[in-house]
Amino acid sequence: MLSWLRRFPNDVIHRKQGNGTTGRRTSSSTSWRNKSNSFTARIIRCASSVVDTAGRRHDDDDDEDDDCRLPSSPPPPAPPPNDHYNNNDNNRNTSVILAAKAFSFRELADAAGNFRQANFLGEGGFGRVYKGRLHHIIAGGEELPVAIKQLDRNGFQGNNEFMVEVLMLSMLHHPNLVSLVGYCAEGDQRLLVYEYMALGSLEDHLLLLRGDADADDGSHQRQHGPLPWRTRMKIALGAAQGLEYLHENTVIYRDLKSSNILLDQDYSPKLSDFGLAKLLPAPRTDSSSSRSSSSSKVMGTYGYCAPEYLRTGKLSAKSDVYSFGVLLLELITGRRAIDASRPDGEQSLVGWAARIFGDPKRFHELVDPRLVMAMQSPTASELKQAVGVASMCLQEHYALRPVMTDVVMALSFLATNDSAPC
């Protein structure tokens, strides 16, 4: 547990000060456990249970399960300033953990209009999402539009994913990660409150599933027609930057797909749905460059999962790189990762594209036909670079795939090229 906490940028293990101990980190789990009424301590014990690199399950341990419940009311006040653990670093890091507000179920039901159909935004594998408005978050009585996800209460895994998402989004902050406003853990209710993303998911736009913006969303209207090429590359770059940040903090996203990329009013992308995210194990002294994590159950979305993960259940950062390659192909082609309605040989996007990768003269076949019809096709050099990045990410052997830092560098040229069609 403590080994992965040390690797977070805003970790909750703090440096002692004075008496020649400056720069040393305390790592006493006993000290944290003794602070039984501390919200921070409860979060840490939850993380210990949920993020378990050995794959152990705790559903048979009632005591530990009770210890891992997030509080359904706001956390208690911070300890006095003279507390042994309450130095300046501790104040800053504790505020990161407490950034997510605890709501009551009644508050969120009122905000979402009692979850009526008119507020329904969509449904994913882990729950239904509703639009809501919170009246008391912003000073001055302004309303804050939010997306409220009500998790499916059936099964152990849903609660596990709820815990992981609260923990991840409380400790990880980046412009390309969706922000967690708060949560509800009241009784058997599990709800997550996110910032509202006005333009919905990338999948909606690639498949042209959404029309104009809702009347109460403001004057901004969703575009008609396909996403322009440059906008697609900017979305790809933003998603890559979010993934790069996760990997720098030893987190495997594990569920990268177009439906999990949300767009704000400026088409800036943010990764969402962190219920399947997993922390990499601590680096080994003999092979620190090949860290991976094994799981007895393969989880993710068919069509996006890396082949070695499907075969062995072994996860690494390169598993996410493969998923990003699939996503980039979707942006280039406008096709689904898996589409049973297409002819034999074209139902798998990767399988179809792989037959074209070896012949640059056929790259134009990969371009979304709607871009061609709108005379918005990329130039030959831009297309070659985008296809080259996708094909490298989709290498069968994970060791041949690039790291996300290199992907970000390559895509930055495509996203900022002034000569690119817009």
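Keep in mind that this is a model prediction, so the values were computed, not measured. Throughout, numbering of the chain's residues begins at 1 and tracks the sequence. Every heavy atom of this structure was used, including side-chain atoms; hydrogens, water molecules and symmetry mates were not.
- One N or O on the side chain of Q385 and one on the backbone of A410 form a donor-acceptor pair closer than 3.5 Å.
- Remark: T405 engages E244 in a side chain to side chain donor-acceptor pair (under 3.5 Å) (not counting sequence neighbours).
- Sorted by first then second residue, the side-chain hydrogen bond (donor to acceptor under 3.5 Å, both in side chains) pairs that include residues 346-360, not counting sequence neighbours, are R335-E346.
- Under the ring pair (Phe, Tyr, Trp, His ring centres under 6.0 Å) criterion, F274 pairs with Y253, not counting sequence neighbours.
- Relative to the ring axis of Y194, K149 does not place its NZ or CZ within 45° and under 6.0 Å from the centre.
- Between E195 and the choices L262, L144, V178, V146, the side-chain contact (heavy atoms from CB on, under 4.5 Å) rule is met once, by V178.
- Taking 4.5 Å as the limit, some side-chain heavy atom of L327 sits within range of a side-chain heavy atom of L202.
- K278 has no carboxylate O lying under 4.0 Å from a charged side-chain N of E161, or vice versa, which leaves the two without a salt bridge.
- Take Y130 and apply the ring pair (Phe, Tyr, Trp, His ring centres under 6.0 Å) test, not counting sequence neighbours, and it matches F115, F120.
- Side chain of D264 to backbone of D266: a donor-acceptor contact under 3.5 angstrom is found.
- The stretch residues 321-333 participates, sequence neighbours left out, in these side-chain hydrogen bond (donor to acceptor under 3.5 Å, both in side chains) pairs: Y304-E330.
- Partners of E308 under the side chain to side chain donor-acceptor pair (under 3.5 Å) rule, at least two apart in sequence or in another chain, are R401.
- Distance alone, capped at 3.5 Å, is enough to place a donor-acceptor pair between the S412 side chain and the M409 backbone.
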